[in-house]
Every structure is written in structure tokens, then in C-alpha cells.
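Letters A, B, ... mirror the listed sequences (proteins, then strands); counts begin at 1. Worth knowing before you read on, the calculation uses all heavy atoms, side chains too, and leaves out hydrogens, waters and symmetry mates.
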Amino acid sequence: MKTRFAPSPTGHLHIGGARTALFNWLAARHAGGEFVLRIEDTDQERSKDEYTRDILGSLEWLGLDHDGEPVYQTQRTGIYREYVDRLLASDRAYWCHCSQERIDETRRAALESKGKPRYDGRCRDLGLGPSPGAAVRFKCPPDGETAWNDLIKGPVTFQNGELDDLVIVRSDGLPTYNMAVVADDASMAITHVLRGDDHVNNTPRQILLYRALGVPVPEFGHLPMILGGDKKRLSKRHGATSVLAYREMGYLPKALVNYLARLGWSSGDKEIFTLEEMTALFSLSSVGRSAAVFNQDKLDWLNSHYIKETPADELAGLVRPFLAREGVGGMPDEKLLAAVETVRERGKTLKEMAEKSAFYFMDRVALDPKAASKLLDGGGRAILRSYLETLATLPESHEAFDGLLDRMASELGIKKGAAAQPLRLALTGGTASPGLYDILEILGPETVRRRIGDALDFKG
RNA sequence: GUCCCCAUCGUCUAGUCUGGUCCAGGACGCCGGCCUUUCACGCCGGCAACACCGGUUCAAAUCCGGUUGGGGACGCCA
């Protein structure tokens, strides 16, 4: 088995493309076959190198390695020329001199009369030759039907009469998508073409092209679309769609891959999969046929799961750049590690973890005004002063802090929670945080004293 | 408009091929409780679906037909 992922570098690699790549990768790896990458850059207008880099970087981040070097369509024009010549020579294609205006007009008229917009075949039997501005069209059989057994959808049939004579070489000499894909997949010996559902209606045209060329037709499998919450095809207006945007938001590649795999594919009740497990279990026959709605809550859950599993030192290294974005850095590894551990179960993303742990590393924390006005009244300040006194007598160890809250509460005759909140506010600036004993230990006596002092000085 | 495809909890899905074991299972989310120094984590419990109509059959989520709904495609873009 040989599969390929063939994105066009006209935008960032998005969620849908990533899943297509993943399924191609899984199918190939499961079968011990090859997975190759082909950059479909024949659209001179919109293709950009930065997008190619984005696609390559995204796949690498996801851990989807490809065999061999990526193939670029713009470097294969000789191959296309060869295939087109064969079609021309065998009278399966012809030169078309129709102007863009005439074609547009025909289409407009067809749409107006509620028909299917299609080329009327004016140049089909004119025996025209090449000329500047001319295009080459494929002679589509007017009768009969073209069918295939889709690996995911099952049997699909199209009446050839529905198809028209598609352009296979544009007037600029470059092949169009359908021609290039067929020439490439044929010459690269691709055995299984797995792509988005939006390509089903290209498939009969391509099969016709394969047959006209007299080359083996590969197997086809069309993956259901990924939709947004409104059940419309996932797009920018649904929020982040590019793979790298998810990296920026603090998602782990394992989580994204796991999520994407479960979008359309399943293996019984299993939800958590490593790439290795997916590879072992993957089967196109267990890929669903209906479109799936992208659900970030579930992605978040998976991300939390993988965050919980990540070894401490690795996790600390992953959070560090996010902390830098929060404006803190230069902390010793040991302190970073301890701090990150306290937020490991409190953040759904690396970004959230950084946000929740930044207070450890700031010179001064800004007190949440609402909480301050509520907690730093006379009583609250008295509690803080008690902490100052008590803490001064304590050795700086976690064991020493043990039970501190209980002692303070009984000493002051208040509830444990009431004793904790003013201190939490002073130390972290807010009312929700990791455990106070951990914070006391990580912050150290000097910082603790200073922050309590700052809170006592706070003027609402 | 034409063509193609799809249809189980709010969402992802198991079950559909090989009808009965499914008054439909799991997961996310949601709700309630427990734990608790806050927030989380964790644990326990709960709500929640076979789109509709006909047919076949002793029996249908599962097979057939239709309806409705949804998606996709109709480029010298890919």
C-alpha cells in the first residue's frame, strides 16, 4: 500500500487537512506501506513558500513522518506534458480555443435556465491545434456510467452524461488539478487515494482519465467532512483552524492526533490512543461515513489527560515558553518544575498552566480588586498579621506548614477556609490557586513575607 | 437548480454488513453528591438518542422504499 497526502500550499495546514494526512499515514503505516507527501503548488497565484513550510512544520509537530522527500508539482511539468500528449495522440483530448468570456457566458446562461453549468463542447470535434491562449480538454464519454467501490462510502456511481469536457491543461501550459493528480498518482504508483469528501465528484473524472491513459486505477476512499458547531464546513469563522494555532494555544500534539483520529474513526469504546496503538488498530472499514462536528471540549479533555501523563521535567520544559509569554522567565529549573507540578491538574492547556503559575515568578502580584476589597478588611488584615508572626517562627519546610491552616483557624476562632483566603490573595493575587502549603514552600519565606506586607499596604 | 453523499444522546461514537442477547453501550459536556484551605483532580450517581412514514418479518436501530433534514460539488482553484 502506498498513500499520499497532497495539500496545496495556499493556506496553513488546517484541522481537516491534518486529519486527512493522519488517516493516510495510519493506513500506510498499518499496512507497513509507504506514505508520501506531494505539494500541489500549480496555482501560481495563491501558492506560497511560507505555507509549504507551515504544512511541513505542522506534520512534523504532529509526528506524521513521510517517506522520501516531498514532491512538488511545479517540478514535474515534464511528466504532465507526457501524459497529456498521450491523451492528445489517442484523440482522448483536444485543443479548445474558446475564450474565457464565452465560457463564462455559457455557464451563466445554464445557471439561469436552472441547468447544470457545463462546457458545451464547441471545440470538441473541430480538430484545432495548439495556439497561444488555448487550453486542452479531455473528451468525456457522453454515455454510460463511471462507478467505483469507495473504501469508506461503498459503491458510488455517476452518469457520464453529468460530466463535461474538463480542462486538463490551462492556457498557461500548466495542468489543472484533475490532470496533475492523475498523472502524479499514476507515476508515483499510489495505490490508495484517501481524501476529503469534497473530492467525490472529481473521482469519476479522474477514473476516466486513468482509463483513457491505460494505467491502473487506484482505490479511493473519501473521508467525511469536519464541521463547525453550526454544522457548516469547518472554517476560520469557527475559530482556530490551523494546526499550528493549536500548538500556540498550548495543545499537545498527542492530544490533537488522538482527537482527530476519533473524529470519524473508532475502535470499540476505546478513547485514548497512542500513535502506535492507532496504527495497530486502524482500519478504513471502521471509518464512519457521516460528517463530524469539531468539539473543543473533548479536545480539552484529551489535552488534560496527556498533560497529566507528561513527565515532570518534560512538562516544565513545555510550559516555559508559555510563561515567557506571560512575561516571566529566568527561573531556576527546580523552582519551575515544582511550580508546574502544582498546576498540572489545573490547566487544560500549557497556556492555562502558564497563566495559573505565573504568579510564582513575578516580582509583585497584582491583587484582584474585587477580592481585595472583600478580603482585606480589618479582619483580613489581622489574619495576615498573624501569619507574619507565625511564619517567622516556622522552619521553611513543607512539613512545618502542615496543619498551619488548622492552627491558625482555631487560634483565631474562624473557619479554615476563612483563614486561607486572605493569605491566598496576598500570595497569588487571586482567590483560586494551587494548595497554599505548596505555594508557601515554592515561594520561600522572603517572598511570602514581602507579599503579605504588600497586601497589608494595599489601598483599595 | 442539477448531481453526489449522509442521518443513533447537545457533541464524538459502539451496535447496522451476519435482523432477536439493545425498553440501545462508552466518551466529552451538563446536572447532583462525595472529597476539600480556594480552584481544580479524583470518585459516585443522574439527565439525554435509534429523524419521519410506509413495507418485509414471528421479530427492525439493524433489510427495502419514500419523505424530511443536513452536508458537499457543479472553475483554465485545489
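Atom NE2 in H305(A) sits roughly 14 Å away from atom C1' in rG42(B) (whole-Å rounding). Remark: C1' of rA7(B) and CZ of R289(A) are 10 Å apart, rounded to the nearest angstrom. Distance K270(A) NZ to rC12(B) C1': 16 Å, rounded to the nearest Å. What separates CG of N202(A) from P of rG72(B) is a distance of 15 Å, to the nearest Å. Between I168(A) atom CD1 and rC77(B) atom P the separation is 14 Å, expressed in whole Å. F273(A) places its CZ atom 17 Å from the P atom of rC12(B), with the value rounded to the nearest Å. If you take NZ of K374(A) and P of rU38(B), they are 13 Å apart, rounded to a whole angstrom. Taking atom CG on L223(A) and atom P on rC6(B), their separation rounds to 14 Å, with Å as the unit.
At a threshold of 4.0 angstrom between heavy atoms, the contacts of T10(A) with the nucleic acid are absent. Residue-level contact check: F158(A) touches the backbone only, with heavy atoms under 4.0 Å from sugar-phosphate atoms and none from bases. Among the atoms of the strands shown, only primed sugar atoms or phosphate atoms (P, OP1, OP2) are found under 4.0 Å from some heavy atom of T42(A). If you check every strand for non-hydrogen atoms under 4.0 Å, E45(A) touches nothing. Among the protein residues, T176(A) comes within range of the sugar-phosphate backbone only, with heavy atoms under 4.0 Å from sugar or phosphate atoms but none that close to a base. No engagement by K415(A) is indicated, since no non-hydrogen atom pair under 4.0 Å with the nucleic acid exists. Nucleic acid contact class of K232(A) (heavy atoms, under 4.0 Å, all strands): sugar-phosphate only. In this structure, S266(A) reaches the sugar-phosphate backbone alone: every heavy-atom distance under 4.0 Å involves primed, P, OP1 or OP2 atoms, never a base. Within the 4.0 angstrom heavy-atom criterion, base atoms lie near G435(A). Across all strands, I103(A) comes closer than 4.0 Å to base atoms (heavy-atom distances). Using a 4.0 Å heavy-atom distance criterion, L263(A) is classed as a sugar-phosphate-only contact. Within the nucleic acid shown, H222(A) has no heavy atom closer than 4.0 Å to any nucleic acid atom. P204(A) comes within 4.0 angstrom of nothing in the nucleic acid, heavy atoms only. Within the nucleic acid shown, A292(A) comes within 4.0 Å of sugar-phosphate atoms alone, with no base atom in reach, counting heavy atoms only.
Checked against rG42(B), rU37(B), rG72(B), the side chain of R233(A) finds its nearest nucleotide in rG72(B). In the set rC4(B), rA27(B), rU37(B), the nucleotide with an atom closest to the side chain of V156(A) is rC4(B). The K298(A) side chain lies nearest to rA27(B) when the options are rA27(B), rU38(B), rU11(B). In this structure, the nucleotide among rA7(B), rA78(B), rU11(B) sitting nearest to the side chain of S290(A) is rA7(B). Comparing rU37(B), rA27(B), rG29(B) against the side chain of E271(A) picks out rA27(B) as the nearest. Distance from the side chain of V167(A) is smallest to rC76(B) among rA73(B), rC76(B), rU37(B). In this structure, of rU38(B), rC12(B), rC76(B), it is rC12(B) that holds the atom nearest to the side chain of R262(A). Which of rC12(B), rA40(B), rA73(B) sits closest to the side chain of E345(A) comes down to rA40(B). Here rC39(B) is the nucleotide among rG42(B), rC39(B), rC12(B) with the atom lying nearest to any side-chain atom of R346(A). Here rU11(B) is the nucleotide among rU37(B), rC76(B), rU11(B) with the atom lying nearest to any side-chain atom of V293(A).
For the atom pair CG (D150(A)) and CG (L223(A)), the distance works out to 9.0 Å, reported to the nearest 0.5 Å. Atoms CZ and CZ, on R92(A) and R86(A) in that order, are 12.0 Å from each other to the nearest 0.5 Å. To the nearest 0.5 angstrom, N201(A) atom CG is 5.5 Å from F158(A) atom CZ.
Searching all strands for a Watson-Crick or G-U wobble partner of rU62(B) with both distances below 3.5 Å returns nothing. Across all strands shown, rA7(B) pairs with rU68(B); the Watson-Crick or G-U wobble distances both stay below 3.5 Å. rC39(B) is unpaired under the Watson-Crick or G-U wobble criterion, no partner having all donor-acceptor distances under 3.5 Å. Partner assigned to rA73(B) is rU2(B), using Watson-Crick or G-U wobble distances below 3.5 angstrom. As the counterpart of rU16(B), no nucleotide is assigned, since no Watson-Crick or G-U wobble pattern has both distances under 3.5 Å.
Each of L234(A), D197(A), V293(A) was evaluated against I226(A); a single residue qualifies, L234(A), per the side chain to side chain contact (heavy atoms under 4.5 Å, CB included) test. Screening N178(A), N160(A), L166(A) against L208(A) for a side chain to side chain contact (heavy atoms under 4.5 Å, CB included) leaves a single residue, N160(A).
There is no side-chain donor-acceptor pair under 3.5 Å between S357(A) and R346(A).
Ring pair W301(A)/H305(A) is tilted by interplanar angle, where 30° to 60° counts as tilted. Using the six-membered ring where Trp is involved, Y259(A) and F294(A) have ring planes that are perpendicular, over 60° apart on the 30 and 60° scheme.
D269(A) contributes a side-chain N or O that forms a donor-acceptor pair with the base of rG25(B) under 3.5 Å.
Comparing rC64(B) with rU18(B), their P atoms are spaced 10 Å from each other, to the whole Å. Going from the C1' atom of rG29(B) to that of rU13(B) covers 14 Å, rounded to whole Å.
Where Q73(A) and T157(A) meet RNA chain B, the nucleotide closest to each residue was compared, and T157(A) sits on the side nearer the 5' end.
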